[in-house]
Protein chains: 2
Amino acid sequence: MDMTTKLTAAAERLFDRHGYMATGMDRLTEAAGMSSRTLYKNAGSKAALMARVLTERDRRFMARLEVRTVDALFAALEDWVRVEGCRGCLFLRSRAETGGDTPEIAEAVAAHKEAFHRRVGEVVATDLGREDPALAEQVLVLFEGATHAAVYRGAQTVSAAKAAAAILLERARS
Amino acid sequence: MDMTTKLTAAAERLFDRHGYMATGMDRLTEAAGMSSRTLYKNAGSKAALMARVLTERDRRFMARLEVRTVDALFAALEDWVRVEGCRGCLFLRSRAETGGDTPEIAEAVAAHKEAFHRRVGEVVATDLGREDPALAEQVLVLFEGATHAAVYRGAQTVSAAKAAAAILLERARS
DNA sequence: ACCAATGTAAAACGATCGTTTTACATTGCA
DNA sequence: TGCAATGTAAAACGATCGTTTTACATTGGT
């Protein structure tokens, strides 16, 4: 595992578990097992590192959402929370922590959320056989809600969202 | 307006807009218009101040949710985001920023989310005429989802959630 | 008239922040 | 054999962190 991969993985773990602002660079160097000199040579700055973490996470997350049905969309979320745990959306959290004042971070978040929104629209269209932006918005809300409610209600929120989405989809079909 | 009220209001504004960790005490003293000596005499510590902000916000938020129908629940959220804007849930954000490692904050968040969960269950039971924990969970997910999706999709997520909840409720009734 | 309370302004506390630098070790290729 | 690249360890950078302290002003009640 090269230094870039190791650093990005360590950073994602710490930022996700303890927050971006609360994670100091010394904690990061220790977790990544490298000197601060190497870290900065590799990442440039803390904000750039966070942006890279988000871009990498977007890649991994969106890869799981390459599905054809709304049901599979929520099944993918179930897998995700089983693997990654329930700590809410790292993208929204990063943006909120920095008040949207760190351009590199704000841009990575905006790019992800736009891609996510598009993907939900595509899956709904594929599953339903036609575009339905209003339904897609509802599915997006359920997805986002399951993600955040899971923080204090546990993974059951994802099955609740999945069931709700199935009802909405069935109704849209008839 | 006494010092306690002024400080709490200023703190809520800054913590909400820029994040808890990113808000320094000097910024806080300036916004509250008081010396740091008075601030600490009044609040004790930064974490205690955040806990007070959350407790006060819980009071204000829950007061708006004293309704009898699910529709009114989402109407209340519509009012809330119109007044307070769309920056996600301050409770979950605070907890995430501190990794749950600040007891005063973690407790305030847990208390609020438990009260919120109970309230949603009550409103669903009142509206439906009977308890329905599964439906209540779905409504909670929609509420939380509208709150967080609104950060990047705008207030329309609340009407989307409201419409979805109406469909789920109608189906549960027949 | 005076004491106690309550406030301000500002310096200082040690700690930690993100980042850069200095000095040195290892390694792979020409 | 030697140079360039890539790494480490550790000190240092100035800035800022949350918090306490010192010294002083104002004010309301008995």
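Chain A is the first sequence line, chain B the second, and so forth, proteins listed ahead of strands; every chain is numbered from 1.
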Interatomic distance, His18(B) NE2 vs dT16(D) P [rounded to whole Å]: 16 Å

Glu122(A)/Arg119(A) under salt bridge (charged side-chain N to carboxylate O under 4.0 Å, His left out): CA gap, chis, key distance, verdict: CA-CA 5 Å; Glu122(A) 288 165 4; Arg119(A) 178 64 51 86; 3.5 Å; yes

Interatomic spacing from CE in Met34(A) to NZ in Lys6(A) - rounded to 0.5 Å: 5.5 Å

From CA spacing to verdict: salt bridge (charged side-chain N to carboxylate O under 4.0 Å, His left out), Arg60(A), Glu12(A): CA-CA 12 Å; Arg60(A) 222 170 63 251; Glu12(A) 178 171 9; 3.0 Å; yes

For Arg37(B), side-chain hydrogen bond (donor to acceptor under 3.5 Å, both in side chains) partners two or more places apart: none

Side chain proximity check, Cys89(A) to Lys113(A), heavy atoms < 4.5 angstrom: yes

Pair assignment for DNA chain C - dot-bracket with | for other-strand partners, Watson-Crick or G-U under 3.5 Å: .||||||||||||||||.|||||||||||.

Audit row: Asp127(A), Arg173(A), salt bridge (charged side-chain N to carboxylate O under 4.0 Å, His left out) steps and yes/no: CA-CA 10 Å; Asp127(A) 197 339; Arg173(A) 232 186 281 276; 3.3 Å; yes

Contact residues, residues 98-109 of chain B to DNA chain C [heavy atom, < 4.0 Å]: none

Distance, nearest 0.5 Å, that separates OH of Tyr152(B) from NE2 of His117(A): 8.0 Å

Between C1' of dA10(C) and CG of Leu39(B), the distance in whole Å: 16 Å

Row check, Phe143(B) ring normal vs Lys162(B) NZ/CZ: under 6.0 Å, within 45°: no

Rounded distance (Å) that lies between atom C1' of dA9(C) and atom NZ of Lys41(B): 15 Å

Salt bridge (Lys or Arg N to Asp or Glu O under 4.0 Å) partners of Arg82(A), counting only residues at least two apart: Asp79(A)

Axial cation check for Phe15(B) ring with Lys46(B), 6.0 Å and 45° limits: no

Atom-to-atom span, CG of Asn42(B) to P of dT8(C) - whole angstrom: 11 Å

Interatomic distance where CE belongs to Met3(B) and C1' belongs to dT8(C) [whole Å]: 10 Å

Set of residues satisfying side chain to side chain contact (heavy atoms under 4.5 Å, CB included) with respect to Glu137(A), sequence neighbours excluded: Leu140(A), Arg153(B), Gln156(B), Thr157(B), Ala160(B)

Contact state string [nucleotides 17-27 of chain D, B base, S sugar-phosphate only, - no protein heavy atom under 4.0 Å]: SSBBBBB----

